[in-house]
**Student:** 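This is the structure, below, for whatever I ask next.
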Amino acid sequence: MTAQLINGLALAHRLRATMRERAEKLSQAGYRAGLAVVLVGDDPASAVYVRNKLRACEECGVGSQSYILPGYATEGEVLDLIDRLNADDSVHGILVQLPLPPHINVRRVIESIDVCKDVDGFHLYNVGALVLGQSVFPPCTPYGVQLLLETTGIEVAGKNAVVVGASNIVGKPMALMLLQKEATVSICHVRTRDLAQFTILADILIVAAGKPGLITGPMVKQGAVVIDVGINRLPNGNIVGDVDFESVRERAAWLTPVPGGVGPMTVTMLIENTLRSAERVAGLAVT
Ligand code: GUN
């Protein structure tokens, strides 16, 4: 079997076209959706992610403002900035790029964001709501994966879903969303013994471990759906996922490429959440 590729880039472009129309409708109603991005320090990878997010806003007609603080900024300065953004009616979404420098308490910062502007979906309230299947803003990467599965026509209910990686940003919320859709879910992590005994049972395998080549063909069930969330830069400069593409492609029925799979969907769902927030404020949304 040779897997069909799930083209996240194409879906992201289609979604962004409809998002431009939504931004236009908002502007006709007198609103401009606005995202504020906070970056503390000079982590090069974070700077690239932030640039991509700002570019996507521009592409979709969503306003954006970046607030770049030096790595020595105090927690109080970050909290003051968030207070101002919470109170600013032109800001519909606030995103604090992670990781933050170690002297800043991440939870305190995220919990200071107004829940109605938490477009990353990282606030305790949003995480708790996700457990009940009611989140205000679903976290962007798992939300993007869910949409990729839906638009590809992949049924989740009753399937064995295995999530590799238990991060707060991807693995844990992904598992909750799959559970909400009635999959039987297992979560594997760094302390899992014999990873392959779990992955081989997966009808749907989601890999978000940050380890290139972690999943190889023999670890994958014939005909499985494999979603590779990893983005790793190799010493030669190539970007690869966590899945050994060539060997897994021979076993899976569906596979996301890296780049061009999950990555473009993550940024797109951030725009989705920001638009939804603005639409709520403008009275244009039912939810
Ligand atoms: N760092 C890595 N991924 C993310 C993300 O999705 N959101 C934020 N805020 N920071 C990140």
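Values reported hereafter were calculated over all heavy atoms of this structure, with side chains retained and with hydrogens, waters and symmetry mates removed. Atoms within a ligand are numbered from 1 in the order they appear, just like the ligands themselves.
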**Student:** Hey, are R276 and E272 close enough for a salt bridge, meaning a charged N less than 4.0 Å from a carboxylate O?
**Tutor:**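 Looking at E272 together with R276, the answer is yes, because their closest N to O distance falls below 4.0 Å.
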**Student:** Note down each nitrogen or oxygen pair, ligand 1 side and protein side, whose separation is under 3.5 Å; give only atom names and the distance to 0.1 Å.
**Tutor:**
residue, atom, partner, partner atom, Å
ligand 1, 1 (N), Q97, NE2, 3.2
ligand 1, 1 (N), L98, O, 2.9
ligand 1, 7 (N), D120, OD1, 3.3
ligand 1, 7 (N), D120, OD2, 3.2
ligand 1, 9 (N), V96, O, 2.8
ligand 1, 9 (N), D120, OD2, 2.5
ligand 1, 10 (N), Q97, NE2, 3.4
ligand 1, 10 (N), L98, N, 3.0

**Student:** Identify the two heavy atoms, one from R280 and one from F137, that lie closest to each other, and give their separation to 0.1 Å.
**Tutor:** NH1-CZ, 3.3 Å
**Student:** Is the backbone of T18 close enough, under 3.5 Å, to the side chain of E21 for a donor and an acceptor to pair up by distance?
**Tutor:** no
**Student:** Can you see whether S90 engages R32 through a side-chain donor-acceptor pair at a distance of less than 3.5 angstrom?
**Tutor:** no
**Student:** Does the D242 side chain pair with the main chain of L214, one donor and one acceptor, at a distance under 3.5 Å?
**Tutor:** no
**Student:** Just by modelled atom types, is the E155 backbone N or O under 3.5 Å from a matching donor or acceptor in the K159 side chain?
**Tutor:**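 Here the side-chain-to-backbone pair exists.
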